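For reference, the structure discussed in these notes is given below.
Everything numeric here is computed off the predicted structure, so don't read it as measured data. We name chains A, B, ... by the order of the sequence lines, and we start the count at 1 in each one.
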Amino acid sequence: MRAKPLTTPRLTRPAPGGCLHSRPWAGAASEIPARPLAVAAPLCLGPMATPSELTTRPAISSHRRGVVHRWTQTLIPTTREAPNDAEVPSHVLLHRAGFIRQVGAGIYDYLPLAWRTLRKLEDIIREELDAAGASELLMPALEPFELFAGTKRDETYGDNLFRVKDRKGRMNALAPTHEEVITQLMIGCVNSYKQLPLNLYQIQTKFRDEARPRAGLLRCREFIMKDAYSFHMNVEGVGGLNDTYDAMYRAYTNIFTRCGLDFSAVEAESGPIGGSASHEFMVNCVSGEDTVLKCPISGYAANVEKCEIGARPTPSKGYFVGEPSGPLEEIHTPDCPGIDDVCKLLKVKPQHMLKSVLFKVKSTPEQLAKFGEEYILAVVRGDHDVNEGKVKALSGCTDIELADPAEAIKKGYAIGFVSPRAAVGKKGVLMLVDRDAAIAFDDTSNKPKFWVTGGDKKDYHVKHFNWHRDLGKDATLATPHAPETHGSGGLKGGDQYLMVGDVRNALEGDPSPRDASAKLVTGRGIEVGHIFKLGTKYSEAMGLSIMDDKQQKRPVIMGCYGIGVSRTMAACVEMSHDTDGIIWPVALSPYHVVITPIKHDDPAQRDATHKLAHELSAQGVDVLIDDRDERPGPKFKDADLIGVPVRITFGEKSLAEGAAEFKRRGAAGKGENIKLPDLVDKIMSALAS
RNA sequence: CAGGGUGUAGCUCAGCUUGGUAGAGCGUGUGGUUUGGGUCCACAAGGUCGCAGGUUCGAAUCCUGUCACCCUGACCA
């Protein structure tokens, strides 16, 4: 279950002691003697405490007493069938097991079971972040809109930002994240370098007006998130951003490890939030919506947006060099703008297609005056996908977007049927050709490379495209760019400009960028954590500058660190369930043990149940007693469904023999009979393993 | 935002084509029965058929509009 971090950035400080083995339900109980019960409590409710008991209760105590709850006294609305709307396993099971109910699109109630799990997760997060030197605070979910306008995030966030008009007609925002608020706070509170570094976090409800909420708790419009922000005068050195970033990396590793999640830490693009470096923490899960790539030898791991591709073999004759595979032949391909359609029609494989994707550079007026309209044409093999981040990096142009089809058609680009030739004879077009596309002689078959590509007019494609012959220019003059010189190019005006490099998404089997002998492997994941080196984006935009020891005013360097709390709960279910229901890791299960008396009315069974419950709670174990007047069938089914790690069954027969049935959730078979005196030890060791 | 789908009882769904007293299973309540993997029997409660217009003597059903929710894509710190 446990994942090792796949990359390990500067581990300059050992992980906080005790983090990994601290288990609140077991550790505390074994170190500190259980406080004896003042009165033998026949039921979980127990007698009301007397005033003197309350005043003698220690204000400082590290002893964690478990809870004992009765099914009939809490709300666990399990259902046999899930609503029609639920499709993904976590949504179906969290609904059926009575954890959540949908209120609206991407809006959910967290019922008692869910809330218990979420609070356990939050407590783990708090312990690890506090140990890493962060302090918790709470900022409002509702914010004046001007704060977002100040950093232009009202625009960059666009419709994803919830807007709320108040009674005075003023605009407010429901915060999707809190960079602005905390930066504003720091402006008012911190004015000397001596007060830094600082690392502050909160666990708050966040709001994002997602274009399409989906998959239950995995993509919501309202969700629970832990967000942390750190503030520094420098990147390197003691108290620098890198120190805190690394500490947070370790804290995240501890958190997800303690949760019992199978996860990977992968390199990631930092996205619209800005910044220079970032890692995503992904729960490994086949149903995840993100693709991650890993190098099995070096440990390098990255998401598909970020993943570099190692050195690919250079064609023996060089890029673009080679004789045509035949005379250029134009073919009528009506209604086939897509690669798949053409392949089907012409019976060629996508590997023999060239795909040309047109990007528009968002030019400033000055650039426009200098270069005119500017486009970037990215060419990749038909079975590959263009990677926008790599296009930006190779072109050196960070402000691009997919060209608007209508506009591009006006400019003479036959969108859907564009070939590399489209860039010939046009002003201000930069062509970027992926290494796998810039080939004219196929070394593997020892034959001229056969290419099919667009015909540059609607409903036509061409066969036997040859770079040298058909480009009308000497393509071999193009300079191949090694991955490490990304960004050294630049947008050039003029007639035609061509670069060769890595502009596609990495795929399974591509060479690892960190080990020449290794090939990348792919996996799916659900993003549950993300850490960024923000830099000075917000401090500069909002004017958070403070005096350093040289009496120089400098913008504060920031980091930010998020964990999707409610999403993590759902991701855990995605990762760990079977046909009967959820299988919680001990650390996140709403209860550790469910006790199922076959007949709760039977005095012997009831007494045994409550005796065990109190023995366990004194050890810090959270116990749920299924005291419902139900037949055994539904009770067992529900216990499996809600996924509590251990079930103890008290029945007439076994009890007569002085035993109870012990069953571990997810284990095969019927469970085993355990003698009553051995029961607590058996349970404790099961929970500890 | 584009494409597709669905709105009828707490949940799953039938009824709509061809307009005429709103149905089933599960769940719920009561009584009995049963008690180690979703017992069995009986009775009962529960629905302005998403909403608003329209057509009609009469609309869950036909027409128009609208809203909500889901799926695929676009999008996504």
Side-chain angles (χ1 to χ4, degrees), chain A residues 77-88 91-92 95-96 98 101-107 148 151 153 156-161 175-180 206-216 218-221 223 225-229 268-275 278-280 289-290 303 305 338 388 401-402 404-405 527-534 537-538 559-564 567 580-581 596-602 605 626 628-641 647-655 659-661 663 669-671 673:
Chain A
T78 58
T79 63
R80 205 189 288 228
E81 281 170 300
N84 203 0
D85 288 347
E87 287 207 345
V88 297
H91 190 186
V92 169
H95 179 101
R96 285 195 51 214
R101 284 295 183 270
Q102 182 165 7
V103 176
I107 310 172
F148 283 94
T151 54
R153 281 221 294 173
T156 53
Y157 241 92
D159 290 336
N160 272 9
L161 188 63
T177 171
H178 280 75
E179 281 81 4
E180 285 85 358
K206 292 287 198 291
F207 298 87
R208 284 180 204 174
D209 197 357
E210 291 285 347
R212 188 151 94 76
R214 71 181 95 178
L218 289 173
R219 174 154 252 102
C220 280
R221 295 196 298 166
F223 55 98
M225 176 169 161
K226 186 285 301 177
D227 49 327
Y229 307 90
E269 291 285 344
S270 47
I273 199 163
S278 109
H279 284 86
E280 283 175 353
E289 64 178 346
D290 298 315
N303 68 16
E305 284 76 32
E388 196 172 317
E401 63 185 356
L402 215 52
D404 175 62
E527 181 192 350
V528 290
H530 204 157
I531 56 178
F532 303 86
K533 295 182 185 175
L534 260 185
K537 177 178 163 139
Y538 290 91
C560 79
Y561 319 89
I563 291 178
R567 178 187 279 186
D580 291 320
T596 308
I598 296 293
K599 276 198 225 170
H600 189 255
D601 285 350
D602 178 72
Q605 292 182 30
D626 191 350
R628 293 175 299 171
D629 183 20
E630 279 286 354
R631 293 173 50 81
K635 288 191 177 192
F636 293 149
K637 285 287 183 192
D638 278 349
D640 288 346
L641 186 57
R647 190 188 80 210
I648 302 298
T649 308
F650 284 112
E652 210 169 345
K653 271 180 237 159
S654 56
L655 207 48
E661 188 202 87
K663 187 162 193 308
K670 274 284 185 183
N673 272 336

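B/rU48 sits 12 Å from B/rU8 when the P atoms are compared, rounded to a whole Å. A distance of about 40 Å separates the C1' atoms of B/rC41 and B/rA59, rounded to the whole Å. Between the C1' atoms of B/rU61 and B/rU17, the separation comes to 10 Å (whole Å). Taking the C1' atoms as reference points, B/rU28 lies 11 Å from B/rA9, given to the whole Å. Separation of the C1' atoms belonging to B/rG15 and B/rA52 is 24 Å when rounded to the nearest angstrom.
Rounded to whole Å, atom C1' of B/rU6 lies 18 Å from atom CZ of A/R214. One atom, CG of A/L218, and another, P of B/rC76, lie 18 Å apart when rounded to the nearest Å. If you take CG of A/D640 and C1' of B/rG38, they are 11 Å apart, rounded to a whole angstrom. Computed from coordinates, the A/F207 CZ to B/rC76 P distance equals 22 Å when rounded to whole Å. Computed from coordinates, the A/I107 CD1 to B/rA68 C1' distance equals 12 Å when rounded to whole Å. Nucleotide B/rC76 holds its C1' atom 12 Å from the CG atom of A/D209, rounded to whole Å. Atom-to-atom, CD of A/E81 to C1' of B/rA14 comes out at 14 Å; the value is rounded to the nearest Å. Distance, A/E87 CD to B/rG4 C1': 13 Å, rounded to whole Å.
A salt bridge does not link A/K537 to A/E179: none of the charged nitrogens lies less than 4.0 Å from a carboxylate oxygen.
Among the protein residues, A/A86 comes within range of no part of the nucleic acid, since none of its heavy atoms lies under 4.0 Å from any strand. Contacts of A/Y561 with the nucleic acid, taken as non-hydrogen atoms under 4.0 Å apart, are absent. Within the nucleic acid shown, A/A211 comes within 4.0 Å of at least one base atom, counting heavy atoms only. The residue A/K653 sits apart from the nucleic acid: no heavy atom pair falls under 4.0 Å. Base contact: A/R96 has a heavy atom under 4.0 Å from a base atom. Contacts of A/S654 with the nucleic acid, taken as non-hydrogen atoms under 4.0 Å apart, include base atoms. Counting non-hydrogen atoms under 4.0 angstrom, A/A175 reaches nothing in the nucleic acid.
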For nucleotides 7-10 of chain B, tabulate all protein N/O to nucleotide N/O atom pairs closer than 3.5 Å, reporting atom names and distance.
none

Could you write out each protein N or O paired with an N or O of nucleotides 33-35 of chain B at a distance under 3.5 Å?
{"from": "B/rU34", "atom 1": "O2", "to": "A/R631", "atom 2": "NH1", "distance (Å)": "2.6"}

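Taking each heavy atom of A/R219 and A/E289 in turn, the nearest pair found is NH1-OE2, 2.8 Å. Here the closest heavy-atom approach between residue A/F148 and residue A/A175 is recorded as CZ-CA, 4.4 Å. Heavy atoms only, all atoms of each residue included: A/D227 and A/K206 are closest at OD1-NZ, 2.9 Å.
Counting heavy atoms from C-beta on, the side chains of A/D580 and A/F636 never come closer than 4.5 Å. Residues A/R647 and A/D640 have side chains in contact (heavy-atom distance under 4.5 Å, counting atoms from C-beta outward). Looking at heavy atoms from C-beta onward, A/H95 lies in side-chain contact with A/R101 at the 4.5 angstrom threshold.
Side-chain atoms of A/N84 lie closest to B/rC13 of the nucleotides B/rG37, B/rC13, B/rG38. Candidate nucleotides B/rC70, B/rG37, B/rG38 were compared by shortest atom distance to the side chain of A/P634, and B/rG38 ranks first. Which of B/rC70, B/rG37, B/rG38 sits closest to the side chain of A/R80 comes down to B/rG38. Listed candidates were B/rG38, B/rC69, B/rG37. Nearest to the side chain of A/R647 is B/rG37. Minimum atom distance to the side chain of A/P83 is reached by B/rC11, of the listed B/rC11, B/rC76, B/rG37.
With RNA chain B read from its 5' end, the first of the two nearest nucleotides for A/E289 and A/T79 is the one closest to A/T79.
Applying the side-chain contact (heavy atoms from CB on, under 4.5 Å) test to A/N303 and every residue at least two apart in sequence or in another chain returns A/V266, A/A268, A/E280, A/E305, A/K306. Residues forming a salt bridge (charged side-chain N to carboxylate O under 4.0 Å, His left out) with A/K226 (at least two apart in sequence, or on another chain): none. Residues meeting the salt bridge (charged side-chain N to carboxylate O under 4.0 Å, His left out) test with A/R221, sequence neighbours left out: A/D209. For A/E630, the side-chain contact (heavy atoms from CB on, under 4.5 Å) partners at least two apart in sequence or on another chain are A/R628, A/P634, A/K635.
Base pairing annotation: B/rU18 forms no Watson-Crick or G-U wobble pair, as no partner gives both donor-acceptor distances under 3.5 Å.
In this structure, A/R212 does not reach the B/rC70 phosphate: none of its side-chain N or O atoms is under 4.0 Å from OP1 or OP2.
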